[in-house]
There are 2 protein chains.
Amino acid sequence: WDLIDNQDEDRLQRSYKFPDFKTALEFTKKVGDAAESEGHHPSITTEYGKTTVTWWTHAISGLHRNDFIMAAKTDEIAQNF
Amino acid sequence: WDLIDNQDEDRLQRSYKFPDFKTALEFTKKVGDAAESEGHHPSITTEYGKTTVTWWTHAISGLHRNDFIMAAKTDEIAQNF
């Protein structure tokens with residue numbers, strides 16, 4: 001995961017490679033479903049062969065413990081792809 | 001649709017607002033499925049209450065007629081949300 005700066009807000013960001021668009025979209029769906037379950041929502045960019053997930057906590061304009069937990073959960077989901 | 005410049009490549013971009021993350025993700029899924037059907041793939045960013053779709057043609061590093069057709073198709077999908 002990279003620590004990125006978005007308009008002075010710290011965010012966690014990681015890109016995952018996939019063989020095609022369809023698989024990238026399936027991964028996006030799984031990460032989105034996990035986000036819904038936890039009530040904590042990332043930004044997810046889906047492209048041909050690549051999905052980029054960004055976690056941060058809007059309410060504090062930065063990173064909260066939850067973001068690191070969700071980053072780990074995102075990695076777990078990726079292991080099944 | 002906005003015409004944006006990404007590293008000297010023209011791209012078509014539009015954001016759609018939704019009431020929550022779940023609906024934004026459902027829209028992403030529909031646009032992704034349409035992309036798969038047509039064999040032409042956008043970048044789609046899914047966030048809480050917002051999905052941003054970007055169309056361009058990698059092979060020509062810019063815009064092709066297909067991008068405008070897919071932009072119109074994306075608007076059609078949005079009308080059902």
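Just so you know, these numbers use all the heavy atoms, side chains as well, and skip hydrogens, waters and symmetry mates. To find a chain, count down the sequence lines: A is the first, B the second, and so on, and within it residues start at 1.
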[X]-[Y] co-clustered via ILVMFWY side chain contacts under 4.5 Å:
| X | Y | result |
| --- | --- | --- |
| Met70(A) | Phe81(A) | yes |
| Phe68(B) | Val53(B) | yes |
| Phe27(A) | Val31(B) | no |
| Ile60(A) | Ile69(A) | no |

Specify the closest pair of heavy atoms between Pro42(B) and Phe21(A), including all atoms of both residues, with the distance to one decimal.
O-CE1, 3.5 Å
Under 4.5 Å heavy-atom distance to chain A, tell me which part of Leu25(B) shows up: side chain, backbone, both or neither.
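Contact with chain A: side chain only.
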I'd like a table of all donor-acceptor pairs linking chain B to chain A (distance under 3.5 Å, no angle check), giving the atom names and the distance to one decimal.
from	atom 1	to	atom 2	distance (Å)
Ile44(B)	N	Thr46(A)	O	2.9
Ile44(B)	O	Thr46(A)	N	2.8
Thr45(B)	OG1	Thr45(A)	OG1	2.7
Thr46(B)	N	Ile44(A)	O	2.8
Thr46(B)	O	Ile44(A)	N	2.9

